[in-house]
Amino acid sequence: MVVSSHLNRAAVARVLEELVQGAWASTFDLFSPELIQGLATEVAQRHQLGWMQPALIGRQVGLLHDGNQRGDSIQWLDPTGSTAERSFLEAIEELMALIRSELYVPVRTYEAHFACYEAGRHYAKHKDRFRDADERELSTVLFLNPEWKPQDQGQLLIFDPDREDRVLAEVLPELGRFVLFRSDRVPHEVLAPHKPRYSIAGWMRRQSGVLT
Ligand code: OGA
Ligand code: MN
């Protein structure tokens, strides 16, 4: 296995334990501070350069952009991209290997995008596995906002899988926070922030993409 200096093994153990106890987990120290800083700098640059595009809902052509449901702009991560992008994807590969061996969840491929929610934009309550045939197992979000304050809002709301109207957590999108949850079970929502809110949202999937 590739040894990545960017993944903190002690934090992995804690996060996986938390995930098996409930349907979601959160930590601040999964990735090295250098990697988090590199990604934060990059996402802000991409946004300022105008590289991020309005997201689509669902994957089918025809399900067109609807800012009322989903207001983020995105750019997919590229495994042959920048150093920070590659280091992040390598660390995630290593994390998936540990999830396979420790939790016996057969996650094999990862897709992820940088995301920016401008002030006032939100993502209505949803689950990330939107088709039965979809192979998304685990959803991840890494937040990339230095000095985010409670009054900046933009919380990720996590709902109880067994009582979907009940809020389990209101997570502020603070720099370095990494959230992991079951794609099929956990409803979640992004509240509108008061200033641009950056993250990397990603999905660990079973076998290779039969569906794209
Ligand atoms: C998503 C999503 C959450 C976030 O893109 O599906 O729920 O906090 N993102 O960026
Ligand atoms: Mn989601």
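For the numbers below, each heavy atom of this structure counts, side chains included, while hydrogens, waters and symmetry mates do not. In each ligand, atom 1 is the first atom listed, and ligand 1 is the first ligand listed.
Considering backbone and side-chain N/O atoms, D72 never comes within less than 3.5 Å of an N/O atom of ligand 1. Inclusion of H126 in the set of residues having an N or O under 3.5 Å from an N or O of ligand 1 is warranted. Checking only distances, H188 does come within under 3.5 Å of ligand 1, N or O to N or O.
The closest heavy-atom contact to atom 6 (O) of ligand 1, among the options V179, D128, V190, comes from D128.
Nearest protein heavy-atom neighbour of atom 1 (C) of ligand 1: Y123 CE1, 3.7 Å. Summary of contacts: the protein heavy atom closest to atom 4 (C) of ligand 1 is R197 NH1, 3.5 Å. From the protein, the heavy atom lying nearest to atom 9 (N) of ligand 1 is Y117 OH, 3.9 Å.
Within the 4.0 Å heavy-atom criterion, the part of W203 lying near ligand 1 is the side chain and not the backbone.
Salt-bridge annotation for D128 and R182: absent, with no side-chain N of the basic residue lying under 4.0 Å from a carboxylate O of the acidic one.
Centroid-to-centroid, the aromatic rings of F31 and F88 come within less than 6.0 Å. You'll find the ring centres of H122 and Y117 outside the 6.0 Å limit.
Heavy-atom proximity to F143, at under 4.0 Å, picks out these atoms of ligand 1: 8 (O).
Cation-pi geometry between R177 and F143 is not met: the NZ or CZ atom fails to fall both under 6.0 Å from the ring centre and inside 45° of the normal. No cation-pi contact links R46 to W51, judged by a cut-off of 6.0 Å to the six-membered ring centre and 45° from its axis.
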